[in-house]
Amino acid sequence: MLPPWEHPDWYDLHDTTFTAGPEREPEHYRELVLSLPPLGADDHLVDVGAGTGKLTRLIASAYPELGRITLVEPNIQKIIRAERSLAEALTRSSTRIKSVAQGLGDGGLAIAPLATVVTVGSVLMPVMELRGGTLRDGLAWLDRALEELTAMLAPNGTLFLVETLGAPWARGGLDGPVRRLQLPELEERLDMAGLSSIECTYRFRDRVVLRAQPVLDEGDDHLTRVMMNAGLPVRG
């Protein structure tokens with residue numbers, strides 16, 4: 001039997017109830033939308049951990065001329081719900097919509113064409129916590145996930161995260177139980193993944209919106225990953 005959060009209706013009812021609270025979720029997602037650059041026909045939005053498409057719908061409603069949307073979500077039922085709701089919201093739009101039924105941080109997640117904007121709405125910290133194990137295990141998964149997210153970005157692309165951080169009193173070493181990270185810890189992992197210009201554009205208590213961009217140094221490993229993901233030759 002699948003856990004209840006895999007059911008799309010249960011998920012929509014309970015998502016964020018035990019973290020930021022459903023009454024504040026629209027505010028947090030709206031703050032992410034306000035943090036976005038202007039999006040048009042040349043842009044490609046990738047929503048990772050798209051769920052039933054709540055965040056994607058908000059962005060598509062704000063920017064109906066968006067060129068491409070890719071939904072990344074391992075749950076097929078949620079993808080079907082997201083595709084249906086997007087089709088209803090974009091009845092007169094020419095936006096191309098694609099879905100990828102795959103999870104984050106498990107390897108092999110590649111996106112083409114590369115994204116101008118990647119959004120991740122309340123995915124990294126919850127999944128890291130739900131996977132269990134030690135903090136060391138959780139950080140290993142998080143680093144893989146961030147590497148995959150970084151490789152999705154075009155050189156001028158931007159990553160946006162909505163996350164619920166750990167409580168201020170949450171403590172524990174690498175070999176202790178996995179826990180959500182504090183803001184400086186999460187920013188450090190973003191930096192290690194080859195991201196720069198890291199900025200917290202919104203914060204309410206434990207809820208944050210983070211913005212980051214890829215490092216554009218041609219000699220770094222990130223650019224090599226981006227070029228390989230795009231099928232471009234890598235100069236050696």
Side-chain angles (χ1 to χ4, degrees), residues 2-104 109 111-127 130 145 148-149 152-153 157-164 202 207 209-211:
L2 291 174
W5 55 82
E6 296 293 352
H7 190 289
D9 295 321
W10 193 98
Y11 170 83
D12 276 345
L13 285 169
H14 294 272
D15 186 32
T16 76
T17 295
F18 301 106
T19 54
E23 71 282 356
R24 299 207 68 96
E25 182 192 49
E27 175 189 335
H28 304 148
Y29 281 0
R30 182 172 179 272
E31 289 294 332
L32 184 149
V33 174
L34 292 174
S35 298
L36 295 171
L39 301 176
D42 294 331
D43 288 294
H44 179 196
L45 166 69
V46 177
D47 189 12
V48 180
T52 54
K54 287 184 287 184
L55 178 56
T56 322
R57 286 196 303 275
L58 283 176
I59 298 172
S61 297
Y63 293 104
E65 301 303 320
L66 190 58
R68 292 176 181 267
I69 294 174
T70 299
L71 303 165
V72 179
E73 167 60 48
N75 184 303
I76 298 295
Q77 285 184 297
K78 291 180 183 178
I79 280 185
I80 293 171
R81 179 73 56 84
E83 289 176 339
R84 186 184 304 148
S85 63
L86 271 178
E88 292 170 356
L90 298 172
T91 53
R92 290 179 290 179
S93 173
S94 60
T95 303
R96 286 164 287 183
I97 301 171
K98 173 185 174 182
S99 297
V100 178
Q102 191 170 337
L104 184 62
L109 180 55
I111 298 295
L114 295 176
T116 50
V117 171
V118 173
T119 56
V120 189
S122 304
V123 172
L124 297 178
M125 294 298 97
V127 172
L130 283 169
E148 289 181 356
L149 292 170
M152 295 177 192
L153 289 166
T158 310
L159 172 67
F160 290 88
L161 307 176
V162 178
E163 282 298 339
T164 304
Y202 168 82
R207 192 78 157 172
V209 175
L210 295 177
R211 173 186 182 277

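It should be emphasised that the depicted structure is a prediction, and the values quoted were computed from it without experimental measurement.
Going from atom OG1 of T70 over to atom CZ of R96 covers 10.0 Å, rounded to the nearest 0.5 Å. To the nearest 0.5 angstrom, N75 atom CG is 10.0 Å from R81 atom CZ. Considering OG1 of T52 and CD1 of I80, their distance stands at 12.5 Å, rounded to 0.5 Å. Between R211 atom CZ and T158 atom OG1 the span is 5.0 Å, to the nearest 0.5 Å.
A side-chain donor-acceptor contact under 3.5 Å links E73 to the backbone of G51. Between the T116 side chain and the H44 main chain, a donor and an acceptor come within less than 3.5 Å of each other.
Annotation: side chain of T164 is not in contact with side chain of M125 (no heavy-atom distance under 4.5 Å). Two residues are said to be in side-chain contact when any heavy atoms from C-beta on lie closer than 4.5 Å; L109 and M152 meet this criterion. You'll find the side chain of L149 reaches within 4.5 Å of the side chain of V48, heavy atoms only. When side chains are defined from C-beta on, L210 does not count as touching E163, because their heavy atoms never get closer than 4.5 Å. Y202 places none of its side-chain heavy atoms less than 4.5 Å from the side chain of S35. No side-chain heavy atom of V46 sits less than 4.5 Å from a side-chain heavy atom of V100. With a 4.5 Å cut-off on side-chain heavy atoms, I111 and V72 count as touching.
Side-chain contact of R57 with S85: a donor-acceptor pair under 3.5 Å is present, judged by distance alone.
The shortest non-hydrogen separation linking I79 to A101 is CD1-CA, 3.8 Å. The heavy-atom pair separating F160 from V117 by the smallest distance is CD1-CG1, 4.0 Å. Annotation for T56 and A50: closest pair OG1-CB, 4.4 Å, computed over non-hydrogen atoms.
Taking T95 as the reference, L66, I69, L90, S93, I97 meet the side chain to side chain contact (heavy atoms under 4.5 Å, CB included) condition, with sequence neighbours excluded. L58 meets the side chain to side chain contact (heavy atoms under 4.5 Å, CB included) test with Y29, V33; sequence neighbours excluded.
Applying side chain to side chain contact (heavy atoms under 4.5 Å, CB included) to V162 and the options V120, V209, V123 leaves one that passes, V209. The only option from H28, R207, K54 that meets the side-chain hydrogen bond (donor to acceptor under 3.5 Å, both in side chains) definition with S122 turns out to be R207.
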For L36 and I59, run side chain to side chain contact (heavy atoms under 4.5 Å, CB included): C-alpha distance rounded to whole Å, both residues' side-chain angles, the deciding distance at 0.1 Å, then the answer. CA-CA 9 Å; L36 295 171; I59 298 172; 3.8 Å; yes
Could you go step by step and tell me if L153 and L159 meet the side chain to side chain contact (heavy atoms under 4.5 Å, CB included) rule? CA-CA 8 Å; L153 289 166; L159 172 67; 4.1 Å; yes
